[in-house]
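Structure record follows, encoded as structure tokens.
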There are 2 protein chains.
Amino acid sequence: MARGRPREFDAELALERAMELFWRQGYEGTSLADLTDALGITRPSLYAAFGNKEALFRRVLERYEARAGAYRPRALSALTAYEVARRLLEGAAALHGDKSNPAGCLGVHGALACGPESGRIREEMISHRSAGEQAIRKRLRRAKQEGDLPPDADPAALARYLSAVLYGMAVLAAGGASLRDLREVAHTALQGWPSSPRN
Amino acid sequence: MARGRPREFDAELALERAMELFWRQGYEGTSLADLTDALGITRPSLYAAFGNKEALFRRVLERYEARAGAYRPRALSALTAYEVARRLLEGAAALHGDKSNPAGCLGVHGALACGPESGRIREEMISHRSAGEQAIRKRLRRAKQEGDLPPDADPAALARYLSAVLYGMAVLAAGGASLRDLREVAHTALQGWPSSPRN
DNA sequence: CGAAATACATACCGCTCGGTATATATTTTA
DNA sequence: TAAAATATATACCGAGCGGTATGTATTTCG
């Protein structure tokens, strides 16, 4: 049993609300006052539970990847390269086209450009994106080995290209693009994909 | 002749330096102290010359579009839809791959996500991006009329897709992507373009 | 029952934010 | 040469920033 006075708020619920805030306003754009207001807790409680703003953001990013970003590992487990690409693109469209979510992608606009004091978070986001791209690259390398992509295909270039389209969809979504808009982008990108749907 | 004491700094040079700052750190991430330091002028001088931070940012955005974004109208004046797409993609790669520029695109990350106090700027950036997409759409509509795109091509979808790839390249660049990386993305996107290079 | 441990509430810290009031310096016009 | 106009320099404004010290309430352990 946990000793001492038990906390009076639900940490999971608090994280959920913090995620929503950071998702909507980014790291720099979200203040501690915003957070304590939305979470309904006081500042010392927040610090006791989560450390500080940076640490809270990291927890939130973790949660974001596990929930909103769950379509990514699922997409990578598809059987063909085309299906991987399709699920990634359609998954991003579904996520960012869902208006019950904040507009855009936390991983993209969470700390894309910011002042020097947020530089650490910015760099962490960069390496998160890089890791995502690398996972796609790895999957497409395997696809090429399996003959699932043409011999002249470049898995690294395709992975980077796919990542770019996903990021672009996030920017479009931040600008208010609809689910239909985003699915059109996904569809258009798939039209040019180098392997056929059936292979 | 201008009456009164003449200003002691070069407004064009000041704008250039302000652009560099906003380009690197975004709107919210750039403080007045950053600006006055970099511009070498005092706060009242900045306000007398440019109004306030928002107005200065608008001037900077104007300058950005006229210089860094000059490749866009040039690309739209190309003779074929394929050439339009190629010049847009290669132009973005050249711009964001040039390491003498700040990483990323001011129009994308200048105010992608921010607190409520920067909401106006954020919305203006959204409509700027939307205007850019619309210009591409208009050009591709013409291309279709001219038989320069297949009959089943969707100019609106293609324009949105192209915009997404351009935004995605900006995000990649903000993460440190090289000119080579970005040109690979451009090349990959062109591989799937629905009209041939020669038509 | 203490005593230790934890959480809550209030009030505060130094610092930075965007923006400005006031006074002085430098120019042109009359 | 005086007045009007503009620019500069200094010092300051209230507000918000992330973060914390202090005191009190509530729990478990001995």
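Remember, it's a predicted structure, so these values are computed and weren't measured experimentally. Order of the sequence lines sets the chain letters (A, B, ...), proteins ahead of strands, with each chain counted from 1.
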Is there a side-chain contact between A:S77 and A:R139 (heavy atoms, below 4.5 Å)?
no

Qualifying residues under ring-ring contact (aromatic ring centres under 6.0 Å, His included), relative to B:Y64, sequence neighbours excluded:
B:W23

Flag the pair A:F57 / A:F22 as yes when their ring centroid distance falls below 6.0 Å, and as no otherwise.
yes

Please enumerate all protein N or O atoms sitting under 3.5 Å from an N or O of nucleotides 24-27 of chain C, with distances to 0.1 Å.
from	atom 1	to	atom 2	distance (Å)
C:dA25	N3	B:R5	NH1	3.2

Cation-pi, A:Y71 ring and A:R74 (6.0 angstrom, 45 degrees)
no

Pull out every residue in residues 16-33 of chain A that has a heavy atom closer than 4.0 Å to any atom of DNA chain D, ordered by number, or say none.
A:T30, A:S31, A:L32, A:A33

Atom pairs and distances, side-chain donor-acceptor, residues 35-42 of chain B, under 3.5 Å, sequence neighbours left out:
from	atom 1	to	atom 2	distance (Å)
B:T36	OG1	B:L32	O	3.0
B:T36	OG1	B:A33	O	3.2
B:T42	OG1	B:S45	OG	3.2

Minimum heavy-atom distance between B:L95 and B:N101, given as atom pair plus value:
O-ND2, 3.3 Å

Under-4.0 Å salt bridge between A:E20 and A:R24
yes

Distance check: side-chain N/O of B:S45 vs OP1/OP2 of D:dA7, anything under 4.0 Å?
no

Let me have a per-nucleotide readout for nucleotides 10-15 of chain C, 5' to 3', with B, S or -, counting only protein heavy atoms under 4.0 Å.
B-----

Can you name the nearest heavy-atom pair linking A:P150 to A:K144, along with the distance?
O-CE, 4.1 Å

Only pairs under 3.5 Å count here: list side-chain donor-acceptor contacts from residues 184-194 of chain A, not counting sequence neighbours, and write none if there are none.
from	atom 1	to	atom 2	distance (Å)
A:E184	OE1	B:R160	NH1	2.8
A:T188	OG1	A:E184	O	2.7
A:W193	NE1	A:S195	OG	3.2

Is any NZ, NE, NH1 or NH2 atom of the basic residue among A:R120 and A:E117 found under 4.0 Å from an Asp or Glu carboxylate oxygen of the other?
no

Rounded off to whole Å, could you give me the CG-to-P distance for the A:L39 and C:dC8 pair?
12 Å

